Protein chains: 2
Amino acid sequence: MNAQKTFEHTLAKHHQSHTRTRQQVFDALAHHANLSMRELTRRCSNVDRASVYRSVKLFEQLGIIVRIPHGWKYRLELGEAFHEHHHHATCDTCGASIALPEDSTLEDRLQELASRRHFRLTSHQIELHGQCQNCQNN
Amino acid sequence: MNAQKTFEHTLAKHHQSHTRTRQQVFDALAHHANLSMRELTRRCSNVDRASVYRSVKLFEQLGIIVRIPHGWKYRLELGEAFHEHHHHATCDTCGASIALPEDSTLEDRLQELASRRHFRLTSHQIELHGQCQNCQNN
DNA sequence: TGTCAATTTGCGACACATTTGCAATAGTGG
DNA sequence: CCACTATTGCAAATGTGTCGCAAATTGACA
């Protein structure tokens, strides 16, 4: 199932309308990974800011998108129904965001750590900081 | 070396003044782990809010504190020179923040993942979400 | 396809968070 | 202790996220 179908299907499953506005917000997110809220509103220039916020909140609840911690703020990207689960590294020099390969050992360790505190783990985010290959060479 | 000495030493090493304001901000952070910015400014009531922000930014650059992702926001706590490196789990039911044991396997995996993308890793943050033991029993 | 009820949107206004410029003040080195 | 520089407080600007409400859009169904 392609991204567009998955999107429409997810909305329908939760009895939410497939509107022009939501489609525009989804398109922006689908075409540009790792958008900040500011970038997203810029790319949806004919959609009111409040509506973008409302769509983002809804999409997050439906699992269509996830919030990725990024410094003091966060970025948005499509959720696991669209991408394989993965994490990101942020280059502190140029600000680039690099997607990292999936790694089940890592996920297992987290599960194990949580268990030791009798914590029932439902989700997690990892934020790496450092310097990307390009910036190391400058 | 105790926390206070480490603090003064870190400032001196970076040619930064040890001022009354910075000391107050540091004290608040040293006595209460996991403060939000709002809580921090409340605890530094005789320090101007803008100065608290300026101190926090400086402390973060010097590694005196780290920002811990916490939902859409973040919390502050003393850096690695003051505490052993660790991560937190946030209970989505009651909001509690649970410190997790250190785990070198985990850290090694992250290092490995970063290397595969030729990324030079300098720091990382992990945020776990789920339900704490107490809330599971209710 | 047209109509209607329900949902969603845009707008304006608000509340709160964070940053900035600048004059006054406090800290540092000699 | 003085003079110089860095830091602070203040006030104002900017940024982020939310809300109420009237108007527009959507989905269901005739």
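Any value given below was found using the heavy atoms of this structure, including those in side chains, with hydrogens, waters and symmetry copies removed. Within every chain, numbering begins at 1; the chains are lettered A, B, ... in the order of the sequence lines, protein sequences first and strands thereafter. Nothing here was measured: the structure is a model prediction, and the numbers come from that model.
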Per-nucleotide protein contact string for nucleotides 4-15 of chain D, where B marks a base within reach and S marks sugar-phosphate only (heavy atoms under 4.0 Å, - for neither): --SSBBB----S
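Between B:His85 and B:Glu107, the side chains place a donor N or O and an acceptor N or O closer than 3.5 Å (distance only, hydrogens not considered). Defined by atom type and a distance below 3.5 Å, a donor-acceptor pair is present between the side-chain atoms of A:Gln4 and A:Gln23. Using modelled atom types and a 3.5 Å distance limit, the side chains of B:Asn137 and B:Gln133 yield no donor-acceptor pair. Side chain to side chain, A:His88 and A:Glu77 meet the donor-acceptor criterion of an N or O pair below 3.5 Å.
Taking atom CZ of B:Arg42 as the reference point, atom P of C:dC16 lies 15 Å away to the nearest angstrom. Atom C1' of nucleotide C:dT7 and atom CG of A:Leu11 are separated by 13 Å, given to the nearest angstrom. B:Leu76 has its CG atom 14 Å from the P atom of C:dA17, to the nearest Å. Separating the CD atom of A:Gln23 from the C1' atom of D:dT25 is a distance of 15 Å, rounded to the nearest angstrom. The nearest whole Å value for the distance from the CH2 atom in B:Trp72 to the P atom in C:dA17 is 15 Å. C:dT7 atom P lies 18 Å from atom NE2 of A:His18, rounded to whole Å.
Between the side chain of B:Arg67 and the backbone N or O of B:Glu60, no donor-acceptor pair lies under 3.5 Å.
The aromatic rings of B:His124 and B:His87 sit tilted, their planes meeting at an angle between 30° and 60°. By the 30° and 60° cut-offs, the orientation of the rings of A:His18 relative to A:Phe7 is perpendicular.
Over its length, the helix from C:dT1-D:dA30 to C:dG30-D:dC1 turns its helix axis by 50°, as judged from the five terminal pairs at each end, rounded to 10°.
Through chains of ILVMFWY side-chain contacts below 4.5 Å, A:Ile68 is grouped with A:Val66.
The phosphate of D:dG17 has OP1 or OP2 within less than 4.0 Å of a side-chain N or O from A:Tyr53.
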